[in-house]
Amino acid sequence: MGALHRKRIADWLLTAPTNQDIEVSGWVRTKRGNKEIAFIALSDGSTINNLQIVAELAKFDEELMKKIQTGASIRATGKLVASQGVGQTVEMVAESIVLLGEADADTYPLQKKKHTLEFLREIAHLRPRTNTFGAILRIRHSLAFAIHKYFNDHHFYYIHAPIITGSDAEGAGEMFRVSTLDPANPPRNEDGSVDYTQDFFGKESNLTVSGQLEGELAAMALSRVYTFGPTFRAENSNTARHLAEFWMIEPEMAFFELDDNMDLAEDFLKYLIRYAMEHHADDLAFLEKRLLDEENLLPKENRNPLPLLEKLKFVTENPFERITYTEAISILEKSGKKFEFPVKWGIDLQSEHERYLVEKHFKKPVILTNYPKGIKAFYMKQDDDGQTVRAMDVLFPGIGEIIGGSQREENYEKLNTRIQEMGIHAESLWWYLETRKFGTVPHSGFGLGFERLVLFVTGMGNIRDVIPFPRTPKNLEF
RNA sequence: UCCUUGGUAGCUCAGCCGGUUAGAGCAUCUGACUGUUAAUCAGAGGGUCGUUGGUUCGAGCCCAACCCGAGGAGCCA
């Protein structure tokens with residue numbers, strides 16, 4: 001049988017042990033035993049669980065068995081039998097073992113013990129081999145797959161927004177410049193500034209900070225679209241919730257108003273969490289136990305009130321709380337709590353305010369809507385009161401803002417006026433404004449930070465641990 | 001970027017008021033053990049104390065700058 005259809009360890013662990021001959025390949029997690037017999041725990045990454053390979057030492061070369069240690073790669077053939085031990089139901093009695101690659105125990109950094117996440121970040125090239133990262137990467141994959149499945153099932157079209165953009169007016173954050181000019185000696189204008197007309201694109205270009213504007217263009221033809229791609233922010237953000245390169249999901253829907261947008265956001269998030277729970281019960285159980293072990297070291301008041309799986313279940317089974325910004329301010333003012341940043345209508349809500357609402361007051365996800373226009377982006381639809389816009393932020397416990405979205409301003413005059421008011425360079429957005437000139441319609445959309453979703457589902461504490469190779473300030477080793 | 005805090009063996013950490021040869025657990029290696037579950041038991045090896053400079057008779061410990069990590073904040077997804 002070719003490799004494509006070969007069974008994986010995940011498959012064999014679910015197979016009835018009828019002494020059939022099987023072959024498996026993978027990496028050694030641990031080897032235990034005495035001078036008669038060795039027990040090799042083998043992983044091929046297909047599941048959090050290992051296949052136990054039983055090797056009677058008399059049948060194998062002594063030098064070979066010495067080299068089979070943590071991290072080595074092997075191919076083994078033998079019979080799949082019911083296990084005599086208690087830790088597993090099936091195991092393989094090895095008949096032949098081929099050492100594919102050694103892992104010298106003196107220099108192989110991964111030991112058969114717990115490592116800190118900080119240490120594993122320094123060996124990001126090897127950390128996928130740990131149980132924790134295996135679980136995270138499998139869940140991350142399934143969430144990405146579920147995103148496409150959800151949208152496909154709901155008749156959304158996947159749009160590929162460009163990664164290099166000439167638009168600098170989105171205001172979503174600092175951008176990474178893209179240039180082929182010689183940085184040591186760029187062509188210059190008479191006033192000494194760099195002459196970007198001689199650059200590759202003939203103008204300044206950057207990595208995208210959002211696919212939203214392009215998404216809107218597509219939604220003006222296909223009605224329901226989404227983007228799902230990498231996004232870049234050159235902010236010097238050093239937190240457990242920010243990356244310089246992250247993946248963002250941005251649906252954009254014609255004929256959707258703010259309530260429809262909220263309905264979608266809530267249904268979408270619940271679907272994704274449910275999907276992970278259904279397909280990754282054992283990975284999530286492992287992560288939950290890992291989390292509990294870690295939290296037992298913390299003082300009681302800092303511990304999470306709910307174990308991971310209960311927390312996820314709670315989110316899928318309860319409606320999100322929907323309140324306006326104005327109502328939120330009123331709740332905060334009446335809370336009697338002293339905040340570091342005083343609460344007043346018109347301020348942007350700080351982390352402490354959001355945390356109070358989500359974690360103390362409502363104790364569940366909250367959708368905040370109708371923010372003051374002064375603190376939100378130019379493209380959001382203005383409410384009739386002239387004070388607020390139809391924005392919505394979905395706030396999750398422990399994560400903060402997981403989704404930011406809005407109904408878009410579809411009125412050309414209002415949008416143009418707002419652009420002028422905010423001092424944005426309108427000429428560079430001429431193509432965007434034309435959507436409001438030609439066949440404009442009410443429409444809405446939002447952005448979901450993919451890593452923040454993975455962070456929530458896996459229960460991890462640092463966003464650098466839910467992406468294989470994190471890009472953060474001063475960090476580009478791998 | 002700001003505040004707080006940390007950097008000592010491969011990993012996780014201890015190291016008293018600045019004073020002789022730098023400590024532990026785990027990992028590694030060697031040995032023991034007839035089915036182990038991060039196996040267990042015994043022994044051994046393993047250190048430029050983040051970097052640079054300074055104070056001092058003497059610095060892991062004090063001072064300065066820088067680098068890197070963590071927690072919090074800002075910015076946001």
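Quantities reported herein were computed from a predicted structural model and do not represent experimental measurements. Below, chain A is the first sequence line, B the second, and so on; all start at residue 1.
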Between [X] and [N], does any side-chain N or O lie under 4.0 Å from OP1 or OP2?
{"X": "A:R32", "N": "B:A39", "answer": "yes"}
{"X": "A:R464", "N": "B:A70", "answer": "yes"}
{"X": "A:Q52", "N": "B:U37", "answer": "no"}
{"X": "A:R241", "N": "B:G72", "answer": "no"}
{"X": "A:K114", "N": "B:A27", "answer": "no"}
{"X": "A:N34", "N": "B:G35", "answer": "yes"}
{"X": "A:Q212", "N": "B:A77", "answer": "no"}
{"X": "A:N236", "N": "B:U1", "answer": "yes"}

- Ring centres under 6.0 angstrom apart (A:F268, A:F151):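 Under 6.0 Å, so yes.
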
Is there, by distance only and without an angle test, a donor paired with an acceptor across the side chain of [X] and the base of [N] below 3.5 Å?
{"X": "A:Q111", "N": "B:U28", "value": "no"}
{"X": "A:S237", "N": "B:C76", "value": "no"}
{"X": "A:H242", "N": "B:C76", "value": "yes"}
{"X": "A:E91", "N": "B:G35", "value": "yes"}
{"X": "A:R452", "N": "B:C76", "value": "yes"}
{"X": "A:Q88", "N": "B:U36", "value": "yes"}
{"X": "A:N238", "N": "B:U1", "value": "yes"}

- Message: Students often get this wrong, so: under 4.0 angstrom with heavy atoms, is A:T231 touching a base, only sugar-phosphate, or nothing?
- Response: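 It contacts nothing in the nucleic acid.
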
- Query: How would you label the contact of A:I399 with the nucleic acid (heavy atoms, under 4.0 Å): base, sugar-phosphate, or nothing?
  - Reply: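 Nothing: the residue A:I399, judged by heavy atoms under 4.0 Å, touches no strand.
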
- Message: Tell me whether A:E294 is salt-bridged to A:R290, with the criterion being a basic N under 4.0 Å from an acidic carboxylate O.
- Response: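 A:R290 and A:E294: salt-bridged.
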
Nearest-neighbour nucleotide for the [X] side chain, [options] considered:
{"X": "A:V54", "options": "B:U34, B:G35, B:A77", "answer": "B:G35"}
{"X": "A:F39", "options": "B:U36, B:A39, B:C11", "answer": "B:U36"}
{"X": "A:Q84", "options": "B:G35, B:G71, B:U28", "answer": "B:G35"}
{"X": "A:T239", "options": "B:G35, B:G74, B:A70", "answer": "B:G74"}
{"X": "A:I37", "options": "B:A77, B:G35, B:A38", "answer": "B:G35"}

- Message: Roughly how many Å apart are B:U12 and B:U37, using the P atom of each and rounding to a whole number?
- Response: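 Looking at atom P only, B:U37 and B:U12 are 26 Å apart.
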
- For A:F232 against A:I163, the heavy-atom pair lying closest together: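 Reported closest heavy-atom pair: CE1-CG2, 3.6 Å.
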
- Task: Check A:T458 against A:V454 and note the closest heavy-atom contact, atom names and distance.
- Result: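 Heavy-atom minimum between the residues: OG1-O, 2.7 Å.
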
- For atom CD of A:Q350 and atom P of B:G72, their distance in whole Å: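 In whole Å, B:G72 P lies 16 Å from A:Q350 CD.
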
- Message: Can you pull out every ring pair (Phe, Tyr, Trp, His ring centres under 6.0 Å) where at least one residue sits in residues 458-478 of chain A? Sequence neighbours excluded, please.
- Response: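 Only A:H125-A:F478 qualify under ring pair (Phe, Tyr, Trp, His ring centres under 6.0 Å).
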
